[in-house]
Structures are given as C-alpha cells and as structure tokens.
Protein chains: 2
Amino acid sequence: MRVTIADVAREAGVSKTTVSRVVNLKGEVDGSTAARVREVIAQLGYVPSSGAVGLARGSSRTVGMLVPSLTWPWMGELLQGVVDTVEAADYGLLLFTCNRGADSVERFTTQVSARAFDGLVVIEPENTLHRLTALHRSGLPIVLIDDRGHHPDFPSVVTTNHEGGASAARHLRAAGRTRPLVVTGPRHFGCVRDRLAGFRSVLPEGPVVDGDFTELGGRLAVEGLLAEGVEFDSVFAHNDVTAAGVLRALRTAGRRVPDDVAVVGFDDIPMAEHTEPPLTTVRQPTRQMGEAAARLLLGHLGGAPAPRRPVTLPTELVVRRSAP
Amino acid sequence: MRVTIADVAREAGVSKTTVSRVVNLKGEVDGSTAARVREVIAQLGYVPSSGAVGLARGSSRTVGMLVPSLTWPWMGELLQGVVDTVEAADYGLLLFTCNRGADSVERFTTQVSARAFDGLVVIEPENTLHRLTALHRSGLPIVLIDDRGHHPDFPSVVTTNHEGGASAARHLRAAGRTRPLVVTGPRHFGCVRDRLAGFRSVLPEGPVVDGDFTELGGRLAVEGLLAEGVEFDSVFAHNDVTAAGVLRALRTAGRRVPDDVAVVGFDDIPMAEHTEPPLTTVRQPTRQMGEAAARLLLGHLGGAPAPRRPVTLPTELVVRRSAP
DNA sequence: CTGAAAGCGCTTACAG
DNA sequence: CTGAAAGCGCTTACAG
C-alpha cells in the first residue's frame, strides 16, 4: 500500500499539518519534532503524491511541450535542452505532438483545460498561432520557439536568421565566389525571408530557386539550373537537408565541391559532418534555444516578468570542406 | 475562474454524482437529464481536472518514458512511435532523461513514488536494470525497449539482432565477398554479441575490430587495419555512425566503395541515405518498436496479461550503393 | 434513475 | 510551536 502523510503523522505522533510543514520547510517547527518526522519519513519511504499536492496547491509542477514532429533532425537537441532545464528545476515535462492536424490540436486543448500542466513550451505547428494566442490570453503561460519568424504576443526564442544568411554570404564572398545560387525553404516562413534578405544584403546577384526544405528539393533545383545552362560558383541552401540534395546533384553532374562549386547549408544537423564533402553550414544553437525557452517559462511561472522582445540567440558559421 | 463539476451540477440542477455519470458514461441516467447536463457542459466549457480525477481514481492516465538521451540518431523515430500510440489512447506522456547518471535516476525514482504516472516505457540506461526490476517488483508496470540484448523479468521489445547480422553476411556473400571486416560496438552489449554471432554463422572468416558505436571508432578501425596491411573486401559495421567513419577512412585511403570494399551498416538512421555512397544497412524498425512497447504497456494497464517472452520485431536489409 | 456523503492525499488559513 | 478543520475537484459505494 501507498504510504500517505497520515501514516507518517500517526507514526510520528504529530498532525498532518506538521508533517506537511516539515516536508515543505514552511513555518516554524521545533527542531526535535522535525527530526523525528524526518526519521519516520525516511523509514517509511514516504513521498508526497504529486497528484494530491497539485490538487491542493492548484498547480502541477509540470510543463507541457508541444511539437509538430519528433523526427525532424534538430528536434532531439532542442528537446534535450528543454528537458534538462525543466528537470533541473524539478518540474516534469509532458510531451505532446500534433502531427495529425486539427484532431490532435483539439485533444491538446482539452489537456490544457484539464490543468495537466502549468505552462507550455511550443514549436509552432502550422496555422495554430491564433489558437495559442487564445490560450495565452485565457491565462496559460506560453513560450514559443520560433522557427518561422513569427512575432506573437507572448515570449519567444529566435535565432539570427538574417545575420546567419549574411554570414554565409560574407564567407563565400571572401572565398572569391560571386555568382551564388540560393535554394530557399518555403517562402511563407519568416525565417526563409530573413535568411534570403541577409544573404542578399551581402551578395545581391545570382539565381534563386524555391525549395521546400527537402533533399529532393535541393537536387531538383540544381539539376534544373544545370539543364538550363545557368552558371553559378556556389550554393546557399536554406537548410542542411536541402544542401545534401545539392551536393548529390552536383556530384552526379560531375561538378567538384568545393573547387567548382562551394556549398553552404543552414542548421548544422548531425548529418552535416557526414556528407561528402562535410558541409559548411550556419549553425542554429538548437539546444540553447530549448534551454532558453524552458528558462523563460520557468521564470515566468516563478513570477518573473516576461521579456517584451524575443530572446535572440546567435547563429554561428561552421566551416567544413564544402566551402573552406 | 476554473469551471468545476459543482458549477455544472448547480447550473443543470442535478447532483455532482449525476454530472460525473454523464461525463464518464457510467450507470443509468435519464435521457433528458443527460442531455441537459451535456448542454450545460458545452455551454460552460467544462473539462474535468486531470489532477482531481487522478486523485479520486488512483491513477493518472499518464505513462512515463525514461530515455538515456534524446539526441541519439534513432531516438526521434522511437519517441514518435511511443507518443503516437500513447496519445491515441488518450494518455499523457511524461518524459524523463537520465544523462546525469545516478542523480537523475534518483530524481526519477522519486517521481515514480509520487505516482506521477501509471506505467513506464524505458530504454535502459546503463546499469539500471536492478533498479528497474525493483520498481517492477514493487508494482510499477514497465516495458523495456531493449537495445542491449538483456532479458529482464518484465515485458520487453527487441529486434532480431542475430538474424540482422546474418542477413548482412548473406548479402555480402551473395555479392562474392569472402574476407569481411567486422567493426563491432561495445562487447558488453548483448545486441553486439548477437549481431556478431549472426554474421559469423554465415561468414566465419575475417578480422574483427572492437568499435564503440562512434564515427571515430569506425575510422580508426579501418586506418589501423590498412596500416597493418590486413586485407578485406567488405566491412560490416555494427551501427551506421561507425559505418560513416568506415566510409570516410576508405575514401581517404583511396579505396573505392563498393568496388574495392563493400560496406554494410546497422540501424538505418536518417543519415544513412546521405553518406557517399548511400549506405546499405540493416534497418531496425525503431518506430514500430516504440509503438509496440507503448501498446504493450497500455494493454497491461488495461488488464491484459503481460507476454512472457520478449516481443520481437524483424530487421530488414536496406540495399543502397555501398553494397549493392 | 438520482443524490448525500465519504474519501482520494495533500495544503492552508485560523485558532490556540 | 502545533493541530483541527475546511477545501482542492473529482469518484464511488450506498441508500433510496
């Protein structure tokens, strides 16, 4: 049978109130009384029921995390950052995904109303910002990890997409490249517009092809341009997966990397080290973004005021052989 | 303010008992009464507090998941399998990691005693089997996803490591390779011993080098053997990350893959498609293993008897260019 | 078919 | 310094 606070109280010859005070270090308790209670607690192996504590206190000491997918290449690092921070603060982490669209968001909203968690870290699933805003207005603390370049009403963590694009361009320009091809991600993502604008601010010339963040997209972009006879001496792909497709298409076409064409990606996912040649890329501080988001949320739950501007973490150019 | 069952009862002019019956579809309730209650529920937006329900019922409708790390390459797929299954059953998923050793396991054990979840899916962190066994004995339903070849007292999900190794060997033999190099993982993992034994049952000859599941390990193994002048016409690496190191070392040494040396990995992580050449590998059904583990646990929570033998999901050889 | 009451395991004014 | 009692929001015998 489960050991309850009543068992401890009886065994120690005190009231439940006193046991509670000892457990929570709240209020004055006589030294010897406290010692006796602690002894009984250890002896019985008493651990307060999180459910009962939550009900009595009106909070669950748990934060929720909502992600569109767990299989995206940078998700593991991000999640690890969140989990580490949350666990260090003795909170639990309730994980939700919404890869089945409206249905799962519905289900999720129910969990919110059920008060299953005190606050939420979210990577925005497409077209959910208005729902999240509604939840936030109704009192749920939310922090957004923004990979799309949105600017919601609630706190968010972003990276320097514009500067990241610019740094890629500066690196290519310094290497003497003048005719870059840009393979973008979906244009309706704010981050894509920022990366492109940053790149263009340094290297305004050269073709642009719309990609879709997939390997195939990168491959088709390069194949198409080569077929048309369009020349370029470098490629800036808006994510690493696309860059992998670019590398493959170039190899198939007999173009040497980096001699004929230098290639730069974005993200620095684990794969980037293992392409041939290894990929020069703009690193997103994914893990740190997760940590920052969790810290922001925990701080807010602890009463700290929410920052009015997005928390911005810098990208970093990682130079490997595809663009030395 | 939060809407409670009392609010609904008052508004509908019935008792809390009746509201509870309507919500949980339990016991007889007059049709028109039920309809009225449902109307009020919808109108007030009532959602039962998960904490209170859990306390009253003695269960949390939440399962825990304990993983050693979230950044391992196949963890995303596995987690997605677990989450999808758990969410579909209307359970919550509480995520724990234990990358800080004993401390985090301690913290985790506390959560168990706090009854924060009803059952546990676990990927075994090193040296924790005895603790898990103790938790299981004390009444916590546990399902192990076993990547190590253990055989615990509680239900587990495994893949066919022996047959996977054998299939790699058959594939190489059919391609006329006779002098394979095997680069293993850590020898104390049961899965490593199984993969090796399976491979050896088909191709008993050739050198074996101990690896450690890292890229560097694979690279060093090949470099060492080439330096010693040991000849081999193929490599079976015990995971894909090691195989990536093998490919790199071979390329550096000027050996062509697959012409001079064919390479087969294990796992089929996302990277395997993107190495040069793309990697032939023994696919672990990671996502399905997650799904199976979650189903097993949910079934057990629902009263189904636990299977006495590990649930075994088959590996599958995925042929790409590194070993056609 | 329906409800009053006890109970789940805690916390927290309030009173002493 | 300590405790009795109410309350958190539910569920579930039990009685009618």
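Worth saying up front: this structure is predicted, and the values here are computed from it rather than measured. Naming: A, B, ... by sequence-line order, numbering from 1 per chain.
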Nearest-Å distance for atom pair CZ/P, residues A:R36 and D:dC1: 15 Å

Distance below 4.0 Å between B:T18 side-chain N/O and C:dT2 OP1 or OP2: no

Whole-Å distance separating the CG atom of A:D30 from the P atom of D:dG3: 11 Å

Distance in Å, B:E77 CD paired with B:Q284 CD, rounded so as to fall on 0.5 Å steps: 12.0 Å

Taking only N/O atoms, report every protein-nucleotides 11-15 of chain D pair under 3.5 Å with atom names and distance.
from	atom 1	to	atom 2	distance (Å)
D:dT11	OP1	B:N24	ND2	3.0
D:dT11	OP2	B:S20	OG	2.6
D:dT12	OP2	B:K26	NZ	3.0
D:dT12	O4	B:T17	OG1	3.2

Whole-Å gap separating C1' (D:dA6) and CG (A:L55): 13 Å

Dot-bracket line, read 5' to 3' along DNA chain D, where crossing pairs take [ ] and | marks a partner on another strand, Watson-Crick or G-U under 3.5 Å: |||.||||||||.|||

B:Y91/B:F117 aromatic ring centres below 6.0 Å: no

From B:M65 atom CE to B:L120 atom CG, the distance as rounded to the nearest 0.5 Å: 8.5 Å

Distance, rounded to the nearest Å, where A:R61 contributes CZ and C:dC10 contributes C1': 15 Å

Check against side-chain hydrogen bond (donor to acceptor under 3.5 Å, both in side chains), B:S60 and B:D118: CA-CA 6 Å; B:S60 59; B:D118 302 340; 2.9 Å; yes

Distance test, side-chain N/O of A:T4 to OP1/OP2 of C:dG9, below 4.0 Å: no

Distance below 4.0 Å between B:T33 side-chain N/O and C:dT2 OP1 or OP2: yes

Backbone N/O of B:N161 and side chain of B:T159: donor-acceptor pair under 3.5 Å: no

Spacing of CH2 belonging to B:W72 relative to CG belonging to B:L78, to within rounding of 0.5 Å: 10.5 Å

Among D:dC10, C:dG9, C:dA4, the one nearest A:S49 by side-chain distance: C:dG9

Test: A:D84 and A:R287 ion pair at under 4.0 Å: yes

Point-to-point distance, once rounded to the nearest 0.5 Å, from CG of B:L79 to OG1 of A:T71: 10.5 Å

Atom pair CD (A:E291) and CG (A:L313), whose distance is rounded to the nearest 0.5 Å: 9.0 Å

